[in-house]
Amino acid sequence: MISKLRGYEWASAEAFKRAKQERRSPIEIAQEIASELSSQDWVERAEVVNGYVNVKLSVEGYKRWLKERPGKKDKKVAIEYVSVNPNKPWHIGHLRNALIGQVLGNVYDYHGYDVVRLDYIDDLGLQVAQSYWHYLKYGLKEHPRMDWAVGLAYVEAAQLFEEYEKEIREILKEMEEKGIAREFVEKVLEHQLITAANYGIKHHMRVFESDIARLFDRTIALLKEKGFIVYQEEGELKGTWTTKDGKVVIRSDGTATYLGKDIVFQLWKMGWVKGIRFVKRKDPTGEVWYSWKEGEEKEINADIVVNVIGMEQSLPQSQIAKLVKEIYPEKEYIHVAYQRVRLKDKAFSGRKGTWVGYSADELLEEGIKRIKSKELALAAIKFFILKYNPSKEVIFDWNKALSTEGDSGIYIMYSYVRARSVWRKSGMGGEPELREIDDVDRELGKWLVAAKEYWEKALSYHDPSALADYALELASAFNSYYSKVRILGNENKLFFTYWTMKRLEETLNLLGIDVVEEM
RNA sequence: GGGCCCGUAGCUCAGCCUGGAUAGAGCGGCGGCCUUCUAAGCCGAAGGUCGUGGGUUCAAAUCCCACCGGGCCCGCCA
């Protein structure tokens, strides 16, 4: 019945629609809606302005709406993010993936879903093979961080690839058959995870391709048997097994393609195949379940699979989605496609080494240098990356990334700290009692009750930038409020200040940003 | 050739899904505001053919079609 909520304003497009259907004046209908609303106890007054129904919430309305929380959902979400090749340090692009994934996990969590955070470790990829080959041949580069040492070596290895392809493929085969590189990979991973820990990126499980590989034969047999993949009898693809739209899953030599391997992993998440074992380990981010050849068998049985993967992989992702839809029509398979972070004139490339100078850790270091606080530097960086809609390319700029004014994480934090400081000085223990509301309160109040709308948007669009938008709107409304009214000594004003503090803290937490007490 | 994403103020973006009140922010530039709850802040003025052209509609930045510009993808590679 009511369309756009902006706290105390409902734009009543509804009136226009009904006016057309019922052949009546929209103003008349808007007036009907207004008087209907006026009788509700959460409404103080509703009136028609320019054909819109403006609603002023009552004291009762504010009290009730501000406390509203989503209920528990009976759905399990498996969200995969980061999944960086274990042969280089994280650069700012990987960080974008990590932050989007972390925040979407938080958002699902907030909305009552059962969330499992997954990290996929491709320890059998060609990139790792190149790095491992280089390591065997030339030893390790001098660097305190293994991810850096290997990342720098990889740039050289990539240049030598054509010349030594045969040798490298031999190594890859040995990796697959004997697992010779697992230890090397885990060492790199451990150091990559120092970055994850710095940024507060968490997972429940890390799944290695070498462990998923144990499920290949069984899964593929099942896919064949049930007719989800088809055998090509003739033509260019003769002897291969493909998806129904002709993408090769099993090569004519019987090995799995990248797509084939990914399908196995995705189906495992949904419980179509089972049998991966895990051991609990302590890594730089905390306690995490690592897949391993022995240990406790675990399954997820996800109802919703969310994968944070670059936009350039849209095509294979849509093919997997199609296959999953056939097997599980009731489940959701979501590809959160994000655009790259790049420099004005070039992209970050692991192979070309253009990430040097733009690693996630260097960004944090520079942030701490400029802002003089790790917490605030993290707030600035995270906010900068998350405020862009994932479908937009981010052109990296040091000054913007580490900005302390305007549309920035520091601005939000400052507003929070300001509200908190006033609150502390008031000496109020709990929630202040609201008795009356004036127009200045409503300017702020409308943003307080609008949180739900923005957070739901973040959920349904898989878009953390909705949270950043909300935080900015609320912070800005509060700063304006602060400059207009004297809060201390006025319990009604303290009510709005209290809720601003709460909302900003909640929003920052959803964004994966820890609040500070003062600044 | 086919497909996906982006195009809104000098610059960086929000709004588009679900059409409706004078298209909103930040940065930069201009002018104000600290003896009063944190000035990392606030207020004011300036700045817009919402890529272009059609269409649908009482109404289009928003929906549909075509085109233009930028990025990406389309291998039995990974």
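Throughout, a chain's letter reflects where its sequence line sits, starting with A, and its residues are numbered from 1. Just so it is clear, the structure is predicted and the values come from calculations on it, not from any experiment.
For A:S480 against B:C42, no side-chain N or O and base N or O form a donor-acceptor pair under 3.5 Å.
Comparing B:G71, B:C27, B:C76 by their closest approach to the side chain of A:S252 singles out B:C76. Nearest to the side-chain atoms of A:E405 among the listed nucleotides B:G15, B:C73, B:G41 stands B:G41. Side chain of A:K457, nearest nucleotide from B:A40, B:C16, B:C42: B:C16. Nearest to the side-chain atoms of A:E312 among the listed nucleotides B:C73, B:C5, B:G26 stands B:C73. Here B:A40 is the nucleotide among B:G41, B:A40, B:U36 with the atom lying nearest to any side-chain atom of A:T404. For A:N479, the side-chain atoms get nearest to B:C42 when compared with the rest of B:C42, B:U38, B:C74. For A:R251, the side-chain atoms get nearest to B:C77 when compared with the rest of B:C73, B:G71, B:C77. Here the nucleotide nearest the side chain of A:Y482, chosen from B:G41, B:G71, B:C37, is B:C37.
Within 4.0 Å (heavy atoms only), A:L126 reaches sugar-phosphate atoms of the nucleic acid but no base atom. Counting any heavy atom pair closer than 4.0 Å across all strands shown, A:Y414 reaches a base atom. Among the heavy atoms of the strands lying under 4.0 Å from A:Y388 are primed sugar atoms or P, OP1, OP2 only; no base atom is included. Using a 4.0 Å heavy-atom criterion, one finds that A:Q127 contacts no nucleic acid atom at all. Across all strands, A:I410 comes closer than 4.0 Å to base atoms (heavy-atom distances). Among the atoms of the strands shown, base atoms are found under 4.0 Å from some heavy atom of A:V485. Using a 4.0 Å heavy-atom distance criterion, A:K493 is classed as making no nucleic acid contact. Counting non-hydrogen atoms under 4.0 angstrom, A:N389 reaches the backbone sugars and phosphates but no base. Among the atoms of the strands shown, none is found under 4.0 Å from any heavy atom of A:R424.
Per the geometry, CG belonging to A:N399 stands 10 Å off P belonging to B:G28, to the nearest Å. One atom, CD of A:E473, and another, P of B:A25, lie 9 Å apart when rounded to the nearest Å. When rounded to the nearest whole Å, the span between CZ of A:F396 and C1' of B:U12 equals 14 Å. Put simply, NZ on A:K484 is 17 Å from P on B:G41, counting in whole angstrom units.
Base pairing annotation: B:C42 forms a Watson-Crick or G-U wobble pair with B:G32, both donor-acceptor distances under 3.5 Å.
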| message | What verdict does the ring-ring contact (aromatic ring centres under 6.0 Å, His included) test give for A:Y231 and A:W241, after you've listed the backbone C-alpha separation in whole Å, the side-chain angles of each residue and the deciding distance to 0.1 Å? | response | CA-CA 4 Å; A:Y231 186 71; A:W241 288 81; 5.3 Å; yes
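Between A:R503 atom CZ and A:Y454 atom OH the span is 13.0 Å, to the nearest 0.5 Å.
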